[in-house]
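Values below: every heavy atom of this structure, side chains too, minus hydrogens, waters and symmetry copies. From a predicted model like this one, the values you see are computed outputs, not experimental measurements.
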Amino acid sequence: VQLVESGGGLVQAGGSLRLSCDASRFTFDDYTIGWFRQAPGKEREGVSCFSTADYSTNYKDSVKGRFTISKDSFGPTVYLQMDNLKPEDTAVYYCAGAPVGSDYVGCSLDLGYAYWGQGTQVTVSS
(Lines give C-alpha, C1' and ligand atoms only; values in the text may rest on other atoms or scores of the structure.)
Protein backbone atom coordinates (compact mmCIF):
# COMPACT_ATOMS: atom_id res chain seq x y z
CA VAL A 1 0.00 0.00 0.00
CA GLN A 2 1.42 3.34 -0.98
CA LEU A 3 0.33 6.90 -0.41
CA VAL A 4 1.69 9.61 -2.67
CA GLU A 5 1.94 13.27 -1.70
CA SER A 6 2.30 16.19 -4.07
CA GLY A 7 1.91 19.96 -4.08
CA GLY A 8 4.77 21.13 -1.94
CA GLY A 9 6.96 24.05 -2.90
CA LEU A 10 8.37 27.42 -1.97
CA VAL A 11 6.00 30.23 -1.04
CA GLN A 12 6.25 33.58 0.69
CA ALA A 13 4.74 34.14 4.10
CA GLY A 14 1.02 34.79 3.75
CA GLY A 15 0.79 32.65 0.66
CA SER A 16 -1.05 29.40 0.03
CA LEU A 17 -0.32 25.86 -1.07
CA ARG A 18 -2.51 22.84 -1.55
CA LEU A 19 -1.09 19.42 -0.78
CA SER A 20 -2.60 16.28 -2.26
CA CYS A 21 -2.48 12.74 -0.93
CA ASP A 22 -3.32 10.06 -3.48
CA ALA A 23 -4.83 7.15 -1.59
CA SER A 24 -5.95 5.23 -4.67
CA ARG A 25 -4.02 2.18 -3.54
CA PHE A 26 -5.66 2.30 -0.13
CA THR A 27 -8.23 -0.46 -0.48
CA PHE A 28 -9.83 -0.35 2.96
CA ASP A 29 -13.53 0.50 3.11
CA ASP A 30 -13.03 3.19 5.75
CA TYR A 31 -9.86 4.87 6.83
CA THR A 32 -8.33 7.95 8.33
CA ILE A 33 -5.80 10.02 6.45
CA GLY A 34 -3.52 12.15 8.56
CA TRP A 35 -1.14 14.91 7.54
CA PHE A 36 2.06 15.15 9.54
CA ARG A 37 5.12 17.36 9.26
CA GLN A 38 8.69 17.32 10.39
CA ALA A 39 10.92 20.36 10.47
CA PRO A 40 14.72 20.08 10.65
CA GLY A 41 15.85 19.19 14.14
CA LYS A 42 12.30 18.72 15.39
CA GLU A 43 10.08 15.75 16.06
CA ARG A 44 7.32 14.83 13.66
CA GLU A 45 3.97 16.33 14.59
CA GLY A 46 0.40 15.75 13.53
CA VAL A 47 -1.23 18.57 11.59
CA SER A 48 -4.67 17.40 10.51
CA CYS A 49 -6.73 14.30 9.79
CA PHE A 50 -9.84 13.22 7.93
CA SER A 51 -11.94 10.11 8.49
CA THR A 52 -13.98 8.53 5.72
CA ALA A 53 -16.14 6.72 8.31
CA ASP A 54 -17.96 9.86 9.43
CA TYR A 55 -16.18 12.66 7.53
CA SER A 56 -14.82 14.10 10.75
CA THR A 57 -11.73 16.29 10.80
CA ASN A 58 -9.22 17.42 13.36
CA TYR A 59 -6.49 20.07 13.40
CA LYS A 60 -3.42 21.01 15.38
CA ASP A 61 -4.17 24.23 17.28
CA SER A 62 -1.54 26.27 15.46
CA VAL A 63 -3.08 25.60 12.05
CA LYS A 64 -6.75 26.00 12.92
CA GLY A 65 -8.35 28.65 10.75
CA ARG A 66 -5.49 28.50 8.24
CA PHE A 67 -5.46 24.86 7.05
CA THR A 68 -8.40 22.91 5.68
CA ILE A 69 -8.46 19.18 5.06
CA SER A 70 -10.93 17.68 2.62
CA LYS A 71 -11.49 14.66 0.42
CA ASP A 72 -12.32 14.53 -3.24
CA SER A 73 -16.02 13.54 -3.35
CA PHE A 74 -15.52 11.28 -6.34
CA GLY A 75 -12.04 9.97 -5.75
CA PRO A 76 -9.42 8.84 -3.27
CA THR A 77 -7.47 12.08 -2.97
CA VAL A 78 -7.26 13.94 0.33
CA TYR A 79 -6.23 17.57 0.20
CA LEU A 80 -4.64 19.89 2.71
CA GLN A 81 -5.31 23.49 1.77
CA MET A 82 -2.81 25.70 3.56
CA ASP A 83 -3.51 29.44 3.65
CA ASN A 84 -1.76 32.32 5.39
CA LEU A 85 1.40 30.25 5.61
CA LYS A 86 4.05 31.20 8.11
CA PRO A 87 7.80 30.48 8.15
CA GLU A 88 7.22 28.10 11.07
CA ASP A 89 5.11 25.93 8.75
CA THR A 90 8.29 25.02 6.87
CA ALA A 91 8.73 21.26 7.01
CA VAL A 92 8.49 18.03 5.10
CA TYR A 93 4.83 17.10 5.01
CA TYR A 94 3.71 13.47 5.00
CA CYS A 95 0.33 11.88 4.59
CA ALA A 96 -0.37 8.65 6.39
CA GLY A 97 -3.24 6.21 6.48
CA ALA A 98 -4.90 4.00 9.05
CA PRO A 99 -7.84 1.67 8.42
CA VAL A 100 -10.81 2.13 10.76
CA GLY A 101 -14.13 0.39 11.27
CA SER A 102 -17.25 1.73 9.63
CA ASP A 103 -18.60 2.70 13.05
CA TYR A 104 -15.45 4.58 14.05
CA VAL A 105 -16.27 8.01 15.42
CA GLY A 106 -14.03 11.01 15.12
CA CYS A 107 -10.55 11.52 13.78
CA SER A 108 -7.36 11.15 15.74
CA LEU A 109 -3.76 12.02 14.98
CA ASP A 110 -2.73 9.42 17.57
CA LEU A 111 -3.88 6.39 15.62
CA GLY A 112 -1.38 3.78 14.59
CA TYR A 113 -0.76 5.11 11.11
CA ALA A 114 0.93 2.19 9.39
CA TYR A 115 1.02 3.49 5.83
CA TRP A 116 3.08 6.53 4.87
CA GLY A 117 3.94 8.55 1.82
CA GLN A 118 7.40 9.72 0.87
CA GLY A 119 6.85 13.33 1.92
CA THR A 120 6.78 16.68 0.14
CA GLN A 121 8.80 19.75 1.10
CA VAL A 122 7.02 22.95 2.04
CA THR A 123 9.21 26.02 2.48
CA VAL A 124 7.77 29.35 3.59
CA SER A 125 10.05 32.36 3.25
CA SER A 126 9.71 35.44 5.43
Side-chain angles (χ1 to χ4, degrees):
V1 176
Q2 182 179 6
L3 300 171
V4 181
E5 306 97 335
S6 61
L10 172 63
V11 65
Q12 289 187 332
S16 298
L17 285 173
R18 188 176 76 163
L19 305 183
S20 299
C21 177
D22 179 1
S24 58
R25 300 184 186 183
F26 219 62
T27 58
F28 303 101
D29 289 339
D30 287 295
Y31 52 87
T32 292
I33 295 293
W35 281 100
F36 296 80
R37 67 187 182 188
Q38 187 166 20
K42 294 186 177 181
E43 293 188 354
R44 187 175 64 200
E45 60 180 7
V47 176
S48 182
C49 59
F50 178 97
S51 173
T52 66
D54 63 359
Y55 289 82
S56 60
T57 60
N58 199 1
Y59 297 91
K60 175 182 174 61
D61 284 346
S62 63
V63 307
K64 286 180 180 177
R66 300 189 298 122
F67 290 11
T68 304
I69 193 169
S70 62
K71 183 181 176 296
D72 186 336
S73 298
F74 302 103
T77 303
V78 175
Y79 302 101
L80 184 68
Q81 177 67 39
M82 305 186 296
D83 298 318
N84 191 20
L85 282 161
K86 303 177 180 181
E88 52 263 42
D89 294 318
T90 294
V92 178
Y93 282 70
Y94 302 89
C95 68
V100 297
S102 60
D103 57 349
Y104 187 81
V105 176
C107 173
S108 173
L109 290 165
D110 295 323
L111 287 176
Y113 289 88
Y115 306 96
W116 292 80
Q118 81 288 353
T120 185
Q121 176 71 47
V122 170
T123 303
V124 184
S125 63
S126 57

Go through the structure and list residues passing side chain to side chain donor-acceptor pair (under 3.5 Å) with [X], not counting sequence neighbours.
{"X": "Ser125", "answer": "none"}
{"X": "Asp72", "answer": "none"}
{"X": "Thr120", "answer": "none"}
{"X": "Lys86", "answer": "none"}

Residues passing the salt bridge (charged side-chain N to carboxylate O under 4.0 Å, His left out) test with Asp61, sequence neighbours excluded, are Lys64
What is the minimum heavy-atom distance between [X] and [Y], and which atoms define it?
{"X": "Ala13", "Y": "Pro87", "answer": "CB-CD, 4.1 Å"}
{"X": "Ile33", "Y": "Ala23", "answer": "CD1-CB, 4.3 Å"}
{"X": "Val122", "Y": "Met82", "answer": "CG2-CE, 3.9 Å"}

Can you pull out every salt bridge (Lys or Arg N to Asp or Glu O under 4.0 Å) where at least one residue sits in residues 33-47? Sequence neighbours excluded, please. Arg37-Glu45, Arg37-Asp89, Glu45-Lys60
What distance do [X] atom [atom1] and [Y] atom [atom2] have between them, rounded to the nearest 0.5 Å?
{"X": "Leu80", "Y": "Thr68", "atom1": "CG", "atom2": "OG1", "result": "8.0 Å"}
{"X": "Thr52", "Y": "Lys71", "atom1": "OG1", "atom2": "NZ", "result": "7.0 Å"}
{"X": "Thr77", "Y": "Asp22", "atom1": "OG1", "atom2": "CG", "result": "5.0 Å"}

Is it the case that the ring center of Tyr94 lies less than 6.0 angstrom away from the ring center of Phe36? no
Parallel, tilted or perpendicular for Phe28 and Tyr115, by the 30°/60° rule? tilted
Let's go through Phe26 and Gln2 carefully: what are the C-alpha distance in whole Å and the side-chain angles of both, what is the deciding distance for side-chain contact (heavy atoms from CB on, under 4.5 Å) to 0.1 Å, and is it a yes or a no? CA-CA 7 Å; Phe26 219 62; Gln2 182 179 6; over 6 Å; no
Trp116 vs Leu3, test: side-chain contact (heavy atoms from CB on, under 4.5 Å). Steps then yes/no. CA-CA 6 Å; Trp116 292 80; Leu3 300 171; 6.0 Å; no
Close side-chain approach of Trp35 and Glu5, heavy atoms under 4.5 Å: yes
Could you check whether any side-chain N or O of Ser56 sits under 3.5 Å from a backbone N or O of Gly106, counting only pairs where one atom can act as donor and the other as acceptor? yes
Taking side chain to side chain contact (heavy atoms under 4.5 Å, CB included) as the definition, give me every residue that meets it alongside Val100, ordered by chain and number, with sequence neighbours left out. Asp30, Thr32, Ser51, Ala53, Tyr104, Leu111
Under the rule for side chain to side chain contact (heavy atoms under 4.5 Å, CB included), what residues qualify as partners of Val11, not counting sequence neighbours? Leu17, Leu85, Val124
Residues pairing under ring-ring contact (aromatic ring centres under 6.0 Å, His included) where one sits in residues 42-92, two or more places apart or in two chains, turn out to be Phe50-Tyr55
Under the side chain to side chain donor-acceptor pair (under 3.5 Å) rule, what pairs show up with a residue in residues 7-21, not counting sequence neighbours? Ser16-Asp83
Shared hydrophobic cluster for Val4 and Val92 (ILVMFWY, side-chain gaps under 4.5 Å): no
Quick one: disulfide (SG to SG under 2.5 Å) pairs with a partner in residues 84-126, sequence neighbours left out? Cys21-Cys95, Cys49-Cys107
State whether a side-chain donor-acceptor pair under 3.5 Å links Glu88 with Thr90. no
